[in-house]
Structure formats: structure tokens, C-alpha cells
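Position 1 is the first residue of the sequence, and the numbers go up from there.
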Amino acid sequence: MLFEVALVLIIALPVLKWSTDIAAQYARDRAGLNEARLLTTVVDAGATLALRNLDDMIRTGVGVGNVLVLDLSDLEAEGLWMAGSARLTALGRKVTLILHARGSDELILMARATAPTGEANPAYVPRGGEGVGLVGFVPPDDPGTLRGPGIDYDLSAIQALIGAPVRWDAVAIRVLRMDRDVLPFLHRRAQPGYPQLNQMSTDLDMNGFDLIGVGVLETTSLTATAEMQAAEVTGTLKVDGIVEVASDLSIKGRLKSRAATIDGEITSKTLNVSNRSTFGTLTTGTLTASGPVSVDNDLVVGGAARLGALAVSDVSARRIQAASLLVGTVAANAAFVTVTRATTGQIQALITGRCSGC
């Protein structure tokens with residue numbers, strides 16, 4: 001009986017120890033994987049911070065050749081780390097973010113996990129996995145190198161600086177470059193010293209979506225194929241559809257449209273309208289309209305005015321002035337006109353409620 005018990009113990013104890021070691025190693029591997037994920041998240045948050053203005057971060061925030069060390073509270077203050085989130089890794093290590101401006105166009109980011117003082121190093125080597133970026137460790141036999149899956153990075157340039165990784169530290173690394181991460185892209189915010197980064201270098205196709213919230217629109221030529229609503233347009237306006245303007249419309253070039261409704265004043269070098277148009281006040285060099293034109297106030301034409309029909313609600317104490325006025329029909333509720341000037345005037349029919357001085 002004793003022999004059998006001894007035999008069981010001889011077999012069971014090594015198996016139990018082996019099982020315990022496997023369980024401990026599994027738990028450590030899981031903790032190490034979670035640590036690597038945390039470090040990846042931290043280095044990504046640092047990249048978001050740096051890319052707000054990478055050139056300024058390199059030159060002013062860090063300084064070329066220098067190192068800036070941040071902790072998670074600094075990222076929290078920048079809105080890049082949630083309050084109450086873990087401040088230590090799954091292996092109990094403190095996390096810091098190292099930013100090293102290696103050159104005027106390159107920034108190295110390292111999320112560093114440091115074991116508490118006095119803790120025996122677990123000799124853990126980070127492994128890759130889901131949610132893990134470039135994460136490695138500083139081997140004890142080569143403290144000047146960061147090693148890991150796909151990593152063999154020389155740390156000698158920063159080892160003399162405060163906060164640099166040391167033996168057994170786990171580190172996630174990311175490299176940002178101006179020529180790769182900033183200069184090729186169009187930026188939403190102004191990039192001081194790089195005004196071209198806020199300029200398009202090709203056509204912008206809105207794919208049927210609206211362009212809204214524009215304060216001032218400067219354009220050499222503006223073409224609208226459907227409906228256009230604007231307070232002011234300066235330049236050349238070509239509209240295949242309808243023009244509706246709630247305020248004044250100033251065009252130094254030509255306005256051509258099937259129909260136009262403008263509540264305010266329109267000033268144009270050339271106006272060509274093929275359908276019904278309504279204006280508050282119209283001032284133009286040349287007016288050609290095959291459809292009816294209705295003007296509430298003044299109609300001033302520097303050159304020739306050719307109209308299928310002119311409808312004026314009230315021209316009392318106002319004026320119709322043109323070098324040449326050719327109108328098929330003039331319709332007015334009251335035609336009290338202070339000034340009517342024309343080099344030649346051909347009117348087929350005048351329809352009015354009253355006519356003073358006719």
C-alpha cells in the first residue's frame with residue numbers, strides 16, 4: 001500500500017508541477033499580450049497628438065535631437081486618454097510615452113512599460129497578436145537595442161537622455177515622418193509654414209453631395225447645372241438651371257441662365273436670360289432676354305437692351321435708361337417715369353394703367 005502511494009506521488013508531483021508551470025506561463029503570456037495591446041494604444045494616442053502639427057511638435061514641442069516624456073495624465077489632458085483607464089499594464093508596469101525628434105522631419109514615439117523598482121524581471125519577451133503593433137523589449141545583454149517581431153531598433157542615440165528605455169523594458173514604437181505622414185495630404189487645419197497643405201492640387205468631385213458653410217467663394221468660373229442660391233457672385237456665372245439670389249448679385253463677367261430671380265440688386269457686364277426673370281434693381285452693360293423681364297426698381301443698361309417683354313410694377317420717380325431699347329411689350333401699373341432715355345426706341349405695344357405726359 002505504501003509502495004503504491006509512493007508510486008502515485010512520484011508520478012503525480014512532476015505532472016502537477018508541470019501543469020502549474022504551464023498555467024503560470026499561460027497567464028503570463030496573456031498578461032504580456034494585454035500589456036502589448038496597451039502599449040500599442042498609447043503609442044497610437046501619441047501619434048494622434050503629434051500629427052495635430054507634426055512640424056511644430058518636432059521643432060518646438062520636442063526640439064531636434066531632444067526627448068519629451070509624457071505620462072498617461074498628459075494624454076488625458078489632451079483628450080486622448082479616458083479618465084479612470086488603467087495606468088499600469090497587466091504585468092503591473094508603469095507606462096510612459098517618449099517622443100524623440102531624431103531629425104527635423106522625423107519623430108520617434110515609444111510607449112514604455114517599466115517594472116516597479118525592486119521587482120524581479122519576469123524575463124518576458126513580448127509577442128505579436130491581435131491589436132498589437134510594433135512591440136519589443138530591451139534585452140539584458142544588449143541594452144542599446146530594441147528587439148521584437150519585426151523590430152531591431154538602435155537606442156544608442158537616446159540612451160543618455162532622461163526617460164530612455166533600459167534593460168527588460170517593453171516598448172511599442174512608431175515612426176512619423178513629414179514626407180510620409182503630413183506632406184502628401186490635404187489638411188483640415190492650417191499647417192504653419194506649409195500653406196500648400198490646405199490647397200487642392202486636383203479636381204474635387206463632391207459626388208452629388210453639398211458644399212455648405214462657405215463664407216466667401218472665390219472662383220475664376222462658376223458653373224451650376226441645377227439650382228444656385230447665393231448672396232453675391234463676382235466673376236463669371238454659367239447656370240443651366242435657375243438662379244435665385246436673396247441679396248445683391250455682382251458679376252464682372254457674364255451671367256447666362258434660363259431664368260433668374262434676384263431680390264436685391266444685380267450688376268453685370270452682360271446679362272443673357274432665355275426665360276422669365278425678376279430683379280429688384282438691374283444694372284448691366286448689355287441685356288438680352290427672349291422671355292419676360294420684371295424689374296421692381298431701376299433698370300439701367302449701358303449698351304443695348306433687347307427684351308421680349310418688360311414688366312415694371314411701378315417706375316414712378318425711377319428710370320429706364322438704355323443706349324438702344326427694343327421691347328416687344330412694356331407693361332406697368334403706373335408709368336410715371338422721371339427719365340426715359342434711348343438712342344432708338346421701338347415699342348410694339350405699351351400697356352399701362354396710367355400714363356402721365358404721354
Side-chain angles (χ1 to χ4, degrees), residues 40-41 43-57 75 78-82 107 131 133 174 176-282 284 289-291 293-294:
T40 301
T41 302
V43 82
D44 287 346
T48 300
L49 175 64
L51 287 172
R52 289 175 178 174
N53 191 330
L54 184 57
D55 183 67
D56 182 68
M57 178 63 77
L75 294 179
E78 294 290 340
L80 298 172
W81 198 258
M82 187 173 64
L107 183 70
R174 185 168 174 182
L176 299 178
R177 291 186 56 87
M178 289 291 294
D179 58 357
R180 181 188 63 205
D181 301 296
V182 175
L183 298 180
F185 305 105
L186 179 69
H187 290 260
R188 180 168 164 258
R189 294 184 177 89
Q191 299 289 314
Y194 297 91
Q196 71 275 16
L197 300 185
N198 301 104
Q199 300 171 354
M200 291 294 298
S201 57
T202 186
D203 294 337
L204 178 63
D205 186 351
M206 295 301 296
N207 195 28
F209 289 92
D210 297 336
L211 184 64
I212 61 176
V214 179
V216 177
L217 179 64
E218 296 182 10
T219 176
T220 303
S221 178
L222 178 61
T223 302
T225 58
E227 179 179 344
M228 175 181 172
Q229 297 182 4
E232 182 177 348
V233 178
T234 302
T236 300
L237 177 63
K238 299 177 182 179
V239 184
D240 294 337
I242 300 173
V243 179
E244 294 185 5
V245 181
S247 184
D248 297 342
L249 176 62
S250 176
I251 301 177
K252 295 179 180 179
R254 181 181 65 175
L255 171 62
K256 183 176 181 180
S257 173
R258 287 203 308 267
T261 301
I262 301 173
D263 295 337
E265 179 178 348
I266 178 170
T267 303
S268 173
K269 181 179 179 181
T270 303
L271 177 61
N272 189 323
V273 183
S274 60
N275 206 332
R276 180 178 298 276
S277 302
T278 304
F279 307 102
T281 299
L282 173 61
T284 180
S290 57
V293 176
S294 176

* Asked: For Leu186, what residues pass the side-chain contact (heavy atoms from CB on, under 4.5 Å) criterion, not counting sequence neighbours?
  ->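 If we apply the side-chain contact (heavy atoms from CB on, under 4.5 Å) test to Leu186, skipping adjacent residues, the hits are Met200.
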Q.
According to side-chain contact (heavy atoms from CB on, under 4.5 Å), who are the partners of Phe185, at least two apart in sequence or on a separate chain?
A.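 For Phe185 the side-chain contact (heavy atoms from CB on, under 4.5 Å) partners, ignoring immediate neighbours, are His187.
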Under the salt bridge (charged side-chain N to carboxylate O under 4.0 Å, His left out) rule, what pairs show up with a residue in residues 45-55, not counting sequence neighbours?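 Qualifying pairs, neighbours excluded: Arg52-Glu78, Asp55-Arg59.
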Original post:
In Å, rounded to the nearest 0.5 Å, how long is the span from CH2 of Trp81 to OG1 of Thr48?
Top reply: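 Going from CH2 on Trp81 over to OG1 on Thr48, the span is 11.5 Å.
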How many angstroms lie between CG in Leu197 and CE in Met178, if you round to the nearest 0.5 Å?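 Nearest 0.5 Å value for the CG-CE distance: 7.0 Å.
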| Nearest non-hydrogen partners of Gly133 and Thr40, listed with the distance |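 Gly133 and Thr40 have their closest heavy atoms at N-OG1, 2.9 Å.
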*Closest heavy-atom pair and its distance - Ala45, Leu75*: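 Nearest pair, atom of Ala45 first, then Leu75: CB-CD1, 4.1 Å.
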Side chain to side chain donor-acceptor pair (under 3.5 Å): which pairs involve residues 197-214, sequence neighbours left out?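 Passing the test, one end in residues 197-214: no pairs.
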#### Entry: Contacts of type salt bridge (Lys or Arg N to Asp or Glu O under 4.0 Å), residue Asp44, not counting sequence neighbours
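Salt bridge (Lys or Arg N to Asp or Glu O under 4.0 Å) check on Asp44 returns Arg174.
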Are side-chain heavy atoms of Asp56 and Pro192 found at a separation under 4.5 Å?
->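 A side-chain contact under 4.5 Å is absent here.
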*asked:* If you define the side chain from C-beta out and look only at heavy atoms, does anything of Leu49 sit under 4.5 Å from Met57?
replied: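 They are in contact (side-chain heavy atoms under 4.5 Å apart), so the answer is yes.
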Tell me whether the count of non-hydrogen atoms from other residues, nucleotides or ligands lying under 6.0 Å of CE in Met206 goes above 12.
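Yes, because the 6.0 Å sphere around CE of Met206 holds more than 12 heavy atoms from other groups.
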